[in-house]
Amino acid sequence: MVNSSSSYVRVWFITGSSRGFGRALAETLLDRGETVVLTARNLQQVEDLTTRFSDRTLAVQLDVTKPEEVQDAVKQAIAKFGRIDVLVNNAGYGTLGAIEEVSDQAVRRQFETNVFGVLETLRAVLPHMRQQRGGHILNISSVSGIVSGAGSGIYDSTKFALEAISEALAKEVAPLGIKVTIVEPGSFRTDFVTRSLVVTDTQIEDYEAATGHIRQIVRDVQDMKIREQGDPKKAALAMIQAVDSENSPLRLALGPHAINIINTKLESVKAELDTWKEVSVNTAFEEVVVGETQVAS
Ligand SMILES: NC(=O)c1ccc[n+]([C@@H]2O[C@H](COP(=O)([O-])OP(=O)(O)OC[C@H]3O[C@@H](n4cnc5c(N)ncnc54)[C@H](OP(=O)(O)O)[C@@H]3O)[C@@H](O)[C@H]2O)c1
């Protein structure tokens, strides 16, 4: 990664640059003098940026569920700039509904974008980063990648998957000089709730008590009765700070709400682990010395 004192020449590749976090990050980077591959399903949505920053942008058509578009977008980026320094896997949407309410087709569609789209992009970009022996991957997960809630379990499961993929990937690519950061935003004021949530058609009355609350929050945000706390511009700055850092985090939670939710989860996992420790430990063979990982010979 080259970083001169007067200008940044890092090349960022962002999926879903048209709106929300992707757009906020792209604008912030371009204002700072960096180079951005703006990818979008509808290129008209990034036209203003390519006009304003014509020498430091490349706009490429990219729907992450279309492998040929992913491969082509990366090829175009390399052809124009010769490298990709930071990949931001940001494109995504959410599915709202109790586990039983979401159809198989809707689950698969959700994984196509939030998980398989990320995997395809990783497979396209990693050969270049491995060759460069450097790079940084930001995978936009969510607090939902740590805590799963009633009514959003399918979306949450895609973010849990992204967390596992990212955690393993970080260990695999660290020796090659490539870093991975999982970004875990709480609730941010993007188009996510208004335009990127798909609500199930099927609603089973029995689940109303458990999921009615989340559905109501979504309606209240859509009607602007309540607003999301997080500012996407500040999220963009935090992501850039994480990439700039010598000690980039594996996980970066964003927003006070995210910190509270994740802390509560960590404490409850620890408390339950301790409460059930004896039962858990007693499942080992007799010859195993508790506290050691090796089986006695
Ligand atoms: N906002 C939050 O509170 C929040 C919290 C935690 C995590 N997140 C995560 O943040 C990421 C971005 O969401 P956002 O909040 O910025 O929402 P947003 O404003 O609705 O933006 C969603 C972006 O994803 C793009 N996208 C969706 N499906 C795509 C596909 N198949 N191929 C390419 N692009 C696609 C959209 O493109 P189009 O314009 O073409 O639709 C748009 O650019 C998502 O991964 C989301 O899960 C958001």
Please answer: with hydrophobic residues joined when any side-chain heavy atoms are less than 4.5 Å apart, are [X] and [Y] in the same cluster?
X: V36; Y: L58; value: no
X: V102; Y: I99; value: yes
X: L169; Y: V118; value: yes
X: L38; Y: V11; value: no
X: I214; Y: I154; value: no

Neighbour count >12 (heavy atoms, 6.0 Å) for atom [atom1], [X]:
X: Q131; atom1: CD; value: no
X: Q241; atom1: CD; value: no
X: D201; atom1: CG; value: no
X: Q44; atom1: CD; value: no

Could you give the distance from [atom1] ([X]) to [atom2] ([Y]), rounded to the nearest 0.5 Å?
X: K179; Y: S245; atom1: NZ; atom2: OG; value: 6.5 Å
X: S148; Y: K159; atom1: OG; atom2: NZ; value: 13.0 Å
X: F13; Y: T35; atom1: CZ; atom2: OG1; value: 14.0 Å
X: N139; Y: L252; atom1: CG; atom2: CG; value: 12.5 Å
X: S54; Y: L49; atom1: OG; atom2: CG; value: 11.5 Å
X: R195; Y: Q222; atom1: CZ; atom2: CD; value: 12.5 Å

Using side chain to side chain donor-acceptor pair (under 3.5 Å) as the criterion, list what pairs up with R108, not counting sequence neighbours.
D104
Show the numbers, then the answer: is there a salt bridge (charged side-chain N to carboxylate O under 4.0 Å, His left out) between R215 and E101?
CA-CA 13 Å; R215 288 183 195 274; E101 290 171 341; 2.7 Å; yes
Which heavy atom of [X] sits nearest to which heavy atom of [Y], and what is that distance?
X: V37; Y: A77; result: CG2-CB, 3.8 Å
X: N114; Y: G92; result: OD1-CA, 3.4 Å
X: T113; Y: A91; result: CG2-O, 4.4 Å
X: S141; Y: P185; result: O-CD, 3.6 Å
X: V70; Y: T121; result: CG1-CA, 3.6 Å

Suppose we screen for salt bridge (charged side-chain N to carboxylate O under 4.0 Å, His left out). Which residues come up paired with R52, at least two apart in sequence or across chains?
D31
Are [X] and [Y] close enough that some pair of their side-chain heavy atoms sits under 4.5 Å apart?
X: I182; Y: L162; value: no
X: Q110; Y: T95; value: yes
X: V88; Y: F21; value: no
X: W12; Y: V243; value: yes
X: S187; Y: F192; value: no
X: I217; Y: I226; value: yes
X: T57; Y: L30; value: yes
X: N90; Y: L138; value: no

Anything under 3.5 Å between a donor and an acceptor, one on a side chain of residues 227-234, the other on a protein residue two or more places apart or in another chain? List them.
unit_1 : atom_1 : unit_2 : atom_2 : d
D231   : OD1    : K233   : N      : 2.9
K233   : NZ     : E27    : OE1    : 3.0

Pick out which of [options] makes a side-chain contact (heavy atoms from CB on, under 4.5 Å) with [X].
X: V125; options: I137, I78, V74; answer: V74
X: Q132; options: L176, D85, I178; answer: D85
X: I14; options: T39, V46, I140, L29; answer: L29

Show your working on side-chain contact (heavy atoms from CB on, under 4.5 Å) between L43 and E47 and close with a plain yes or no.
CA-CA 6 Å; L43 289 180; E47 220 171 61; over 6 Å; no
Residues in side-chain contact (heavy atoms from CB on, under 4.5 Å) contact with D63, at least two apart in sequence or another chain
R41, T65, K66, E69
If we count only N and O atoms by modelled type, under 3.5 Å, do the side chains of N263 and E267 hold a donor and an acceptor together?
no
Got a donor-acceptor contact below 3.5 angstrom from the [X] side chain to the [Y] backbone?
X: D72; Y: E68; answer: no
X: K265; Y: I146; answer: yes
X: S152; Y: Y155; answer: no
X: D156; Y: G149; answer: yes
X: T15; Y: N89; answer: no

Side-chain donor-acceptor pairs under 3.5 Å in residues 205-213, sequence neighbours left out?
unit_1 : atom_1 : unit_2 : atom_2 : d
Y207   : OH     : E100   : OE1    : 2.4
T211   : OG1    : Y207   : O      : 3.0

Determine, step by step, whether R123 and E120 satisfy the salt bridge (charged side-chain N to carboxylate O under 4.0 Å, His left out) criterion, reporting the C-alpha distance in whole Å, the side-chain angles of both residues, the deciding distance to 0.1 Å, and the verdict.
CA-CA 5 Å; R123 283 191 295 265; E120 186 65 32; 3.0 Å; yes
Residues which pass ring pair (Phe, Tyr, Trp, His ring centres under 6.0 Å) with F160, listed by chain and number, not counting sequence neighbours
none
Give the C-alpha distance, both sets of side-chain angles, the deciding distance and a yes or no for salt bridge (charged side-chain N to carboxylate O under 4.0 Å, His left out) between D244 and R32.
CA-CA 13 Å; D244 285 344; R32 287 162 54 105; 3.4 Å; yes
Between E163 and R251, is the closest basic N to carboxylate O distance under 4.0 Å?
yes
